Amino acid sequence: MTTARVGHRPPRSPAARSGAAGTAEEAEARALRRRRRLRSRLTALAFLAPLAVYLGAFYVYPLYRNLDLSLRDYTVRSFVAGDAPFSGWDNFRTVLDDPTFGPALRHTMLFTFVSIAFQYVLGLALAVFFNRHFRLAGTLRALFLIPWLLPLIVSASTWSWMFNSESGVINYALRLVGASPVDWLTSPNWALTSVVIANIWIGIPFNLVILYSGLQNIPAELYEAASLDGANAWQQFRRITFPLLRPVSAITLLLGLVYTLKVFDLIWIMTKGGPDDASSTLATWSYQLGFGSLLPKFGPGAAVGNILILIALVFGLLHIRVQRRQEA
């Protein structure tokens with residue numbers, strides 16, 4: 001009679017040994033894949049870190065500080081000491097009740113919408129014109145970029161000289177044709193018009209470049225087919241060019257709107273918001289409140305800045321909603 005040994009394990013079959021080895025290899029492969037995914041994520045985070053630092057330092061923190069300024073009663077002493085008392089919405093109420101708010105808001109809307117309307121129409125007309133690829137088209141297109149490339153202080157100073165009531169070239173041209181000179185920058189009736197004209201001139205190249213790039217993506221076969229069907233130039237523009245440019249036009253108008261809402265230096269150099277606040281906008285008023293006097297009003301100035309941000313945000317959200325509807 002044979003007695004079995006206690007604790008003796010029967011030898012594993014070759015299939016069991018290969019199964020165990022396969023399980024170990026699969027576990028090692030899974031661990032290797034996890035390490036690779038971790039390295040990939042760490043690499044991605046390393047590349048994103050500079051952008052995150054930049055956005056935090058130059059966008060998130062300034063927005064936070066601007067919001068904090070608008071919700072506290074800051075003076076010069078408390079601004080330095082950092083112990084301004086919390087005032088809630090008092091700064092916004094002060095701004096909204098100020099008699100300057102209505103005209104500044106109205107001037108901002110007029111300045112913005114008239115500027116972007118003319119910039120878009122003229123930029124689109126020039127883009128269609130240069131899309132014909134005639135001789136010297138590239139050279140002329142480069143010359144139209146000069147207003148965009150010039151520093152804004154140079155452009156504003158040049159327009160200030162051109163609009164000068166006594167020695168400006170525009171009044172000189174008016175005298176040559178027998179018209180009366182105009183007090184472009186010193187008359188309440190003309191100051192806002194003057195800065196709008198200057199801003200239109202500066203913004204046309206941006207619209208030209210973006211819309212011209214959009215025209216390059218429209219297939220030429222569509223125009224050839226339309227010509228064979230007897231469509232004239234206006235019909236081709238209305239049925240082909242303008243509809244296919246809608247996505248590019250939408251982003252062009254949105255960027256133009258956001259940029260024009262915050263235009264400050266052009267207006268400040270040319271008119272300083274005057275005379276009698278005739279060309280004052282929310283941007284120039286915010287600067288005047290915060291830095292334009294010996295007793296700055298940091299809180300109301302920041303509140304005006306936040307109102308500008310809110311207006312830009314509303315139009316941005318409207319753009320996204322309209323774009324989603326068009327895509328649907």
Side-chain angles (χ1 to χ4, degrees), residues 107-134 136-156 158-159 162-163 192-220 222-223 233-234 236-267 269-270 279 281-283 308 311-323 326-327:
H107 297 159
T108 301
M109 295 297 104
L110 283 173
F111 178 80
T112 301
F113 289 109
V114 173
S115 293
I116 62 175
F118 277 92
Q119 288 170 358
Y120 176 78
V121 171
L122 296 176
L124 179 59
L126 289 171
V128 173
F129 174 72
F130 285 119
N131 198 39
R132 298 176 182 274
H133 302 291
F134 55 90
L136 297 179
T139 303
L140 292 175
R141 194 166 64 247
L143 291 176
F144 271 99
L145 294 179
I146 292 177
W148 196 23
L149 300 176
L150 285 176
L152 200 53
I153 188 173
V154 175
S155 301
T158 302
W159 279 100
M162 293 173 62
F163 279 127
L192 185 62
T193 302
S194 303
V195 294
V196 167
I197 292 173
N199 191 62
I200 290 172
W201 179 80
I202 292 171
I204 287 175
F206 171 77
N207 288 261
L208 167 61
V209 170
I210 303 299
L211 295 172
Y212 180 80
S213 301
L215 288 175
Q216 300 302 299
N217 294 324
I218 299 178
L222 295 177
Y223 294 104
W234 169 248
Q236 292 179 24
F237 174 82
R238 189 164 61 91
R239 299 291 186 180
I240 299 174
T241 305
F242 192 71
L244 293 180
L245 271 182
R246 281 179 183 170
V248 179
S249 298
I251 194 64
T252 303
L253 292 172
L254 177 64
L255 292 175
L257 176 72
V258 173
Y259 172 78
T260 309
L261 275 174
K262 65 182 183 61
V263 168
F264 159 76
D265 34 15
L266 174 71
I267 302 174
I269 292 171
M270 292 183 65
S279 59
T281 62
L282 292 177
L308 265 178
I311 293 173
L313 181 62
V314 168
F315 281 106
L317 293 176
L318 286 175
H319 164 74
I320 293 174
R321 185 173 182 180
V322 170
Q323 190 175 25
Q326 290 178 350
E327 292 175 354

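Not measured: the values here are computed from a predicted model.
I153 has its side chain out of reach of D265: every pair of non-hydrogen atoms, C-beta onward, lies at least 4.5 Å apart. Between S279 and F111, every side-chain heavy-atom pair lies at or beyond the 4.5 Å cut-off. Between L257 and F113 there is a side-chain heavy-atom pair separated by less than 4.5 Å. In this structure, the side chains of I200 and I116 stay at 4.5 Å or more apart for every pair of heavy atoms. Between V209 and W148 the shortest side-chain heavy-atom distance falls below 4.5 Å.
I197 contributes atom CD1, which lies 12.0 Å from atom CD1 of I202 (distance to the nearest 0.5 angstrom). Remark: L253 CG to Q119 CD distance equals 10.0 Å, nearest 0.5 Å. From L244, atom CG reaches atom CG of L222 across 6.5 Å, with rounding to the nearest 0.5 Å. Distance CG/N131 to CG/L126: 12.0 Å, rounded to 0.5 Å. Residue Y212 holds its OH atom at 4.0 Å from CD of Q216, rounded to the nearest 0.5 Å. With values rounded to the nearest 0.5 angstrom, L266 atom CG is found 10.5 Å from W201 atom CH2.
Shortest non-hydrogen contact noted between W159 and A198 is CG-CB, 3.7 Å. Closest of all the heavy-atom pairs between L261 and T112 is CD2-OG1, 3.6 Å. The two residues S155 and P147 make their nearest non-hydrogen contact at OG-O, 4.2 Å. Closest approach of V248 and I251 over heavy atoms only: O-CG2, 3.1 Å. The two residues S194 and M270 have their closest heavy-atom pair at O-CE, 4.0 Å.
V114 pairs with exactly one of T260, V196, T193 by the side chain to side chain contact (heavy atoms under 4.5 Å, CB included) rule, that one being V196. Each of T252, N207, L245 was checked for a side chain to side chain contact (heavy atoms under 4.5 Å, CB included) with L124, and the lone residue meeting it is L245.
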- Report the C-alpha distance between L255 and F206 in whole Å, list the side-chain angles of each, state the deciding distance to 0.1 Å, and finish with yes or no for side-chain contact (heavy atoms from CB on, under 4.5 Å). CA-CA 10 Å; L255 292 175; F206 171 77; 3.9 Å; yes
Subject >> Stepwise side-chain contact (heavy atoms from CB on, under 4.5 Å) test for T281 and K262 >> reply: CA-CA 9 Å; T281 62; K262 65 182 183 61; over 6 Å; no
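Taking the ring centroids of F144 and F130, they lie under the 6.0 Å cut-off.
Defined by atom type and a distance below 3.5 Å, a donor-acceptor pair is present between the side-chain atoms of N199 and S115.
A perpendicular orientation is assigned to the rings of Y120 and F242, their planes being inclined by more than 60° (bins at 30° and 60°).
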